[in-house]
Every structure is written in C-alpha cells, then in structure tokens.
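Notes to accompany the following structure.
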Amino acid sequence: MTQVNPASNPSALKGLRVVEMGQLIAGPFCGQLLGDMGADVIKVEPPGRGDPMRVWGQGEEKVQWEVIARNKKSVTCNLRVAEGQEIARKLIASADILIENFKPGTLEKWGMSPDELHAINPGLIIARMSGYGQDGPYSNRAGFGGIGEAMGGWRYIVGEPDRPPSRMGVSIGDTLCASYGAMGVLAALHHREKTGEGQVIDTALYEAVLQVMEGLVPEYDRNGFIRERSGSILKGIAPSNVYTCSDGPFMIGANNDAIFARLAKAMGKPEMAHDDKYQTHLARGHNQTELDDIINEWTATLTMDELDKLMIEYSIPAGRVYTAADMIEDPHFQARGAIVEVETQDNGPLKMQGAFPRLSGSPSSIRRPAPATPGQDNAAIYGDILGWDDDMLAAKQADGII
C-alpha cells in the first residue's frame with residue numbers, strides 16, 4: 001500500500017509552516033510528526049553533508065533518513081555565521097512553528113532568543129528540545145537520549161536483575177521528548193487561536209522519560225519501594241510473559257482473573273483458576289515464577305500457529321513476537337496501512353511505518369519523500385520566501401552561506 005496523498009488532502013495541520021532546526025532525532029522526529037499531520041516543514045541543514053541522520057541506520061544501505069525526513073523540504077544555511085543567522089530569522093518570521101534541539105543558549109548566542117523571535121513574529125510557537133531543559137543547574141550540560149533514559153528512570157529498570165541496566169533497541173528518550181514536544185505544539189496552537197499569542201514549549205529528554213514511569217516515584221515516596229530490573233516480566237503481574245513454543249517465542253497476557261480462567265481452560269487445566277495459588281491477581285503475582293514455568297511447559301508442546309488458534313478461540317490477549325519481516329507480511333498491518341510503501345528519491349520503493357495517529361476527518365499522510373540532498377529546495381524556498389533570484393542563490397552558495 002502506498003501512502004502518498006495529493007496536496008489536496010485535508011490534513012489537520014495543512015497551511016502551517018514549520019522551520020525545523022537541529023539534528024539527529026529529537027527535533028527531527030517532532031518535525032516528522034507535524035509533517036505527517038499536514039504541516040509544511042522546512043528542514044534547515046548545514047551546508048555540505050547535511051543532517052547526520054542521512055547516514056544513520058542499520059544494514060548496508062542507510063535508510064533511516066527516509067522515515068524521519070519524509071514530508072520535509074530541505075534548505076541549507078550556515079547558522080554559525082551572522083549572515084546565515086539573518087537568513088534563518090527571515091525564514092522564522094514567516095513561520096508558525098520553530099523546532100530546535102540545540103544545547104540551551106545556542107539560539108540566544110545566534111540572536112534568536114524567544115524574545116527576539118517574538119518581536120518579529122508574535123504568534124510564533126517555539127518547540128525547544130534539550131537534555132535537561134532550558135533552565136536549572138544541569139541545563140548547560142550536553143545531553144543525548146540515552147542519558148535522559150538513565151536520569152529519567154528507564155535504564156535502571158530495564159534488563160535482567162543479575163546484569164547491568166540495559167536499553168531498548170530504539171532511541172526511546174529522543175522520540176518521547178519529540179512526541180511531548182509535538183503535543184505541546186498542538187496545545188499552543190489552540191492557545192494561539194484564542195489569543196493570537198505564541199509561546200515556548202520546553203521539553204527535556206529526562207522529563208519526557210519521567211512522564212512514562214507510572215508509579216515509580218510515588219511508590220518510593222510512600223513505601224520506600226525502589227523498582228528493580230525484572231527481565232521479561234513486571235513483578236507481580238502474572239501471567240504476562242513471553243513463552244516458548246516448539247518453533248519460537250509467543251507473548252501471552254492473561255493477568256486479569258477472568259482471562260486467566262479462560263487460559264486455564266485452554267490449557268486443559270480449568271481447576272487452576274480455583275486454586276488458592278492462582279485464583280486472584282495477588283496470588284498469581286506471589287507465585288509468578290511457578291506459574292510461568294507451568295505455562296511454559298505447556299506452550300513448548302505447541303507450535304505458534306496452534307497456540308495462536310487457541311488464544312483466539314478463548315479470547316486471550318496474545319501474539320507472536322514480531323520482527324520487521326513479520327510486520328510486512330501480516331495481513332492486519334496491510335489492512336490498516338500500518339506499513340506503507342513510499343517511492344523515495346534515493347532508494348526506490350521503500351516500506352516504512354505509516355503516518356500515525358489515524359484521524360477520520362483530516363487524515364495524516366506521507367505526501368512527499370525525504371529530500372535526497374541537502375538544500376534540494378533552496379531555489380524554491382529562498383525564492384518564494386526571501387525573493388532570491390538565481391544570481392543571489394549562486395552567490396550565497398559560493399560564499400558558503402547556503
């Protein structure tokens with residue numbers, strides 16, 4: 001399924017202009033989210049190689065850029081020199097939203113503090129992403145997503161209990177920060193609609209991670225309880241684990257009393273649902289290891305297909321542990337457009353995750369592939385917004401400004 005919709009598509013943020021400055025993941029992923037929702041995103045890249053994300057990713061051909069830069073136009077601008085900073089200010093003067101993920105103080109050093117930008121564009125919404133936020137004693141420290149995951153509590157609780165803290169296989173700190181940044185932009189747009197005023201959204205990597213830590217802080221505050229690493233389980237939540245079939249892993253989540261009773265029937269052991277050791281949520285949590293061992297012995301006698309059919313028959317939340325190959329082949333992914341095929345400029349037809357979330361009246365979409373080269377849209381954007389002709393473009397390029 002190809003998810004490239006025409007310009008007439010009534011996307012929710014159609015008509016809004018975003019200037020995206022910054023590199024790597026947090027700022028650009030925020031731009032991806034807003035672009036998927038219809039905003040016109042102008043990606044500002046340094047002249048030459050452009051954003052480092054252009055060469056990031058796994059495998060021989062680096063294609064991660066094709067996802068994070070979709071729905072964006074690329075201009076080049078040397079923000080480290082005064083003339084480049086003046087060009088950026090002119091772009092921002094025409095924008096609704098600015099995204100940046102530089103170290104705090106960088107915009108201020110370049111003469112683009114929020115006060116200075118609001119003086120030329122009062123309705124501007126500025127989404128700022130950084131390791132520790134724009135103020136506080138740590139604000140000037142360098143910060144990456146992994147550091148935010150560690151400080152925000154994520155890393156400490158991920159992994160096996162007898163090993164050092166582990167990590168997810170994706171940059172979850174960055175994408176959480178970007179997601180909260182996009183959420184802040186949407187709230188600020190609503191505020192601007194009522195007041196005409198722009199504002200600053202200050203999102204920190206560690207605080208974005210902290211937001212999804214559930215009861216971790218109050219559990220310590222009230223009970224002195226510190227969550228520890230528990231591997232593939234959540235302590236006390238049972239049964240909810242990855243079990244082993246004869247041909248691979250399979251996830252089952254049956255920690256609700258009624259669902260566990262159905263699982264017991266599926267296992268041919270309905271009496272387990274009435275056993276004092278497994279009858280209640282607390283009892284199952286207390287006997288979690290023993291219960292998981294019993295279930296694992298049972299699943300080992302079945303193939304994944306056989307177990308899947310049983311889980312569907314007894315209405316038990318369960319499923320295979322998917323790889324990318326499984327996702328591409330799965331008919332449900334296909335039916336919902338969760339995986340789409342985009343005709344990219346550098347890599348031909350390429351499968352990737354579709355635009356999300358789904359809106360019924362103003363659907364998100366992938367309207368254009370990622371820009372193949374830094375500054376691909378210099379002529380169009382600098383011509384339309386700043387009125388530059390070909391001679392001006394050539395001169396700025398020769399001087400290294402763009």
Heavy atoms, side chains only, cut-off 4.5 Å: are [X] and [Y] in contact?
| X | Y | answer |
| --- | --- | --- |
| Leu91 | Ile381 | yes |
| Val44 | Glu20 | no |
| Met168 | Trp154 | yes |

Side chains of [X] and [Y]: is there a donor and an acceptor less than 3.5 Å apart?
| X | Y | value |
| --- | --- | --- |
| Arg128 | Thr203 | no |
| Asp377 | Tyr382 | no |
| Glu66 | Asn347 | yes |
| Tyr156 | Glu228 | yes |
| Thr76 | Glu45 | no |
| Asp330 | Tyr322 | yes |

Quiz item: How are the rings of Phe260 and Tyr278 set to each other: parallel, tilted or perpendicular (split at 30° and 60°)?
Solution: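 Rings of Phe260 and Tyr278: tilted, 30 to 60°.
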Exercise. Just say parallel, tilted or perpendicular for the rings of Phe102 and Trp110, cut-offs at 30° and 60°.
Key: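 It falls in the perpendicular class, over 60°.
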Practice problem: Carefully, step by step, assess Leu210 and Leu216 under the rule side chain to side chain contact (heavy atoms under 4.5 Å, CB included). | Solution: CA-CA 9 Å; Leu210 178 64; Leu216 182 141; 5.7 Å; no
Quiz prompt | side chain to side chain donor-acceptor pair (under 3.5 Å) between Asp326 and Thr323, worked out | solution = CA-CA 5 Å; Asp326 298 315; Thr323 66; 3.2 Å; yes
